[in-house]
Structures are given as C-alpha cells and as structure tokens.
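Within every chain, numbering begins at 1; the chains are lettered A, B, ... in the order of the sequence lines, protein sequences first and strands thereafter.
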Protein chains: 2
Amino acid sequence: MVLNAERLPPMLRISKLTDYATVILARLAEEGAGQHTAVELAELTGIGLPTASKVLKGLQRGGLVASTRGARGGYTLARPAAAISAVDIIDAVEGPLGLTECASHPGQCGLEPSCRVGRSWQRVNVAIRRALGDVKLTQLIGREANAAPAADLAVVLGSRPGLRVRS
Amino acid sequence: MVLNAERLPPMLRISKLTDYATVILARLAEEGAGQHTAVELAELTGIGLPTASKVLKGLQRGGLVASTRGARGGYTLARPAAAISAVDIIDAVEGPLGLTECASHPGQCGLEPSCRVGRSWQRVNVAIRRALGDVKLTQLIGREANAAPAADLAVVLGSRPGLRVRS
DNA sequence: CCTAATAGGACTAAAATGGTCCTGAATGCA
DNA sequence: TGCATTCAGGACCATTTTAGTCCTATTAGG
Ligand code: FES
Ligand code: FES
C-alpha cells in the first residue's frame, strides 16, 4: 500500500520503552506510593536513570503521571491505576502511533482506488486499540481479574453498514 | 523489563512489507486467478519487482503460497483465502514475531522475580495474535462479512486459574 | 541446452530505537 | 537571596531494523 506515503509513524508497536513505562507505573501504583523522584524510581525498577527519566517525561506529556519540580519534587500517578489503559501507555511512550501508513493521509497512495486492503488493516488496528483500551494498568500489574468487553476483530472487519460493534 | 535480553524479535508489528503481502495475496485470491509470476504480480500491484519478489519468497516459506519454478512457473495460493489468517501473513513476512522480549528466554531478565508486568504484556500479545488469527484473508480483501469470535483481551489478562477464555 | 522462472542470501541506504547528556526553569529551604 | 534539588525539553549518538536491490544457484519446459 505505501509506495509514496511521507514519513508517518508506524503502526501498533509494543517495545522496550513501553515495557519500562509499565514497570515504572506499576511502582507508582503501589499502595501508599506517594511521590517518587526519578532517581528513586530508577533504583526501584533497575532501569538506568537517564532512560527512566526519559520515560517519565513521556508519561507526563501523555498525562499519565503528574510531576512536581524543584526540591522535594517527584512523580505521582495522574489518575487512579484503574483509569489508565494499555493504549494510554503505548501512546504516551511511543507517540500517537499511527494507523496504516497510507490510510492516515488519504489520497497519497496510488493504489487506493483499486484496493481496499489498507482500509481493512486500519480497521484491524482500530479494533486492537479499542481492545487495548479495555486493558487497565491494574490488570497489567496483576491485581484485579476484572473483565471488560474487548472489541471483536472479525466483527469490526466485516462491518457492513448497519452492523455495529458493541461498545 | 528488558535490560539484558539478547537480541530477540520484537513484539507485534505490522509494517509495510505486511501491507504489500496483503495486496499481493489479494490478487492471488481473485476468482480464477491461477498462477501468476512475480513479474505479473509486481505489475498488477504496482510494487517494485525486487520487493514483490522478496515478499513472495517470504510467503512461500510461510506456506501461504505455492510456487512452481522454471519456465511457466509462478505462484498460487497454497490454501483457500478463507484459510489464511492475518497472523499467518504477519508471521510469514516479518518472521515468527516474538512475544515480550524478556519473556521468550526466561531467566534472562534480572527483574523477573519482582515483576509480573512482562508476563501480562505477553498475555496481551497472545490474545491479540489469537484475535488476529480469526481475521481471514477474505475479510481483509473485503468480501465475506463473516464474524468469528475474537479473544477477549481483558479476560485473558485477568485469567486466574480456572477462568477459561472461550476459544 | 537454452530460456523462463523461483530460491536464497549478501549487501546497502535510510530510518527507528534505545540510551546519554546538557541546558534551562521551577521549587523549597536555609 | 542564594543554593541545592528535581523536572522539562531537546540535541545528540550508537546500534539495530527495515526496505529495497542485486547476484548467483536451481528447477522446469520446450
Ligand atoms: S495500497 Fe494504499 S490503500 Fe491499498
Ligand atoms: S522486567 Fe523482565 S519480567 Fe518484568
């Protein structure tokens, strides 16, 4: 599909940084864990300080952690762990990861008329994001075996007009 | 989590090559489309010949297309389009993409005892793969608005012993 | 044999990733 | 006020991946 799309962010990706972020968030989510400095978090998690710091910055831009600067500053969860989802984490750390490459800027791909494949992958991606949005930090950490409904990929894919995906 | 894992394949990834593969498979899946040479497919899809060729090779290694060589050779779908799933395509093109990095070779990550986060991401990944396995080529192409059940991420995540995911 | 076609892999250029570091700005405290 | 602490924001670099090209077998027809 791509062929001549300009530089666009890749699709769904879960990489090391996201991993780190989850570990750090896990620490912050621990009971009674108030404020922690980047240094503390780095030591607690075993992640290198500069890297931990970078991750933390991403998380703060993404609005997942709140920060106080200056002496006695540090980081806290911006919202309760149950209100932080897997997509939130991924988006915060890896940037607003795009959909299919030629789908973001329609009209760029020369094959667009003859092919509906790109659109399909995009739907898949959206479905995955939706499902990932139902996975909360509490679940990633281990507590709370709650079960929220996830999007059904196949259904989303086969969506004819009128067929709705249950939210 | 990673910290000192040796070079392992990344997690779930859907990139350009996969895109190309889908377009090519779509052509091969067209009614009455028997054998096509790499050159034909390249022209039909607008993908560069060398690249198309590379993709085709991957698909053949993955067992998604059957090839005949020599004069009058070419490629065909190895199985009906309805029996080819999205994971099949991804795996074939991008190699057997791994799970979480530190989960593949257990014991490598120093944080393993204190953290169960990695395991969670792994479950997420497995769930996504499962869901992707229910998405068939026919659906990616556009026909067949069939709906097979997809795995429920949140349920998989919260799996305590005894809680089963509906297949 | 000679040609058409795939198989396999070496190789390259470009981009993303992971990681480090520096400079600046806020906050609290003596 | 001055100073130490701690985050914000980037610039920057090394390494790995990716996408893409090309070259050399190998296989099959005619
Ligand atoms: S090739 Fe870009 S839309 Fe299908
Ligand atoms: S850090 Fe490797 S298992 Fe959690």
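- Separating the CD1 atom of B:Ile24 from the P atom of C:dT6 is a distance of 11 Å, rounded to the nearest angstrom.
- Considering only side-chain N and O atoms, B:Gln60 lies under 4.0 angstrom from the phosphate OP1 or OP2 of C:dA7.
- The CD-P distance, from A:Glu40 to D:dT6, rounds to 8 Å in whole Å.
- Straight-line distance from the CD atom of A:Glu94 to the C1' atom of D:dT17: 15 Å, rounded to whole Å.
- If you take CD1 of A:Ile47 and C1' of C:dT20, they are 15 Å apart, rounded to a whole angstrom.
- Protein atom NZ of A:Lys16 is 17 Å distant from nucleotide atom P of D:dA14, rounded to whole Å.
- Residue pairs satisfying the salt bridge (Lys or Arg N to Asp or Glu O under 4.0 Å) criterion with at least one member in residues 56-85 of chain B, sequence neighbours excluded, are listed as follows: B:Arg79-B:Asp88.
- Counting to the nearest Å, the C1' atom of D:dC7 and the CG atom of A:Leu28 are 14 Å from each other.
- For the residue pair A:Ser120 and B:Gln139, no side-chain donor N or O sits within less than 3.5 Å of a side-chain acceptor on the partner.
- Look at CG on A:Leu17: it is 16 Å from P on D:dT16, rounded to the nearest Å.
- DNA chain C lies under 4.0 Å from at least one heavy atom of each of the following residues of residues 49-59 of chain B: B:Lys57.
- Mapping B:Thr68 and A:Thr68 onto DNA chain D by nearest heavy atom places A:Thr68 at the nucleotide closer to the 5' end.
- Taking 3.5 Å as the limit, the base of C:dT6 and the side chain of B:Arg69 contain a donor-acceptor pair of atoms between them.
- Among D:dA19, D:dC7, C:dG19, the nucleotide with an atom closest to any side-chain atom of A:Ala38 is D:dC7.
- Considering only side-chain N and O atoms, B:Ser15 lies under 4.0 angstrom from the phosphate OP1 or OP2 of D:dA19.
- Distance, A:Leu41 CG to D:dT6 P: 12 Å, rounded to whole Å.
- Here the closest non-hydrogen pair linking A:Ala92 and A:Gly62 is CB-CA, 4.1 Å.
- For D:dT6, neither phosphate oxygen OP1 nor OP2 lies less than 4.0 angstrom from any side-chain nitrogen or oxygen of A:Ser67.
- Tested against A:Leu59 for a side-chain contact (heavy atoms from CB on, under 4.5 Å), the candidates A:Ile84, A:Leu77, A:Val65 yield a single pass: A:Val65.
- Which of D:dA28, C:dG8, C:dG28 sits closest to the side chain of A:Ala71 comes down to C:dG28.
- Interatomic distance, B:Thr51 OG1 to B:Leu56 CG, rounded to the nearest 0.5 Å: 11.5 Å.
- With sequence neighbours left out, the side chain to side chain donor-acceptor pair (under 3.5 Å) criterion links B:Thr68 to B:Gln35.
- Distances shorter than 4.0 Å separate none of the side-chain N or O atoms of B:Tyr75 from OP1 or OP2 on C:dA5.
- Checked against D:dT5, D:dG30, C:dA4, the side chain of B:Arg72 finds its nearest nucleotide in D:dG30.
- Between the side chain of A:Ser53 and the main chain of A:Leu49, no donor-acceptor pair closer than 3.5 Å is present.
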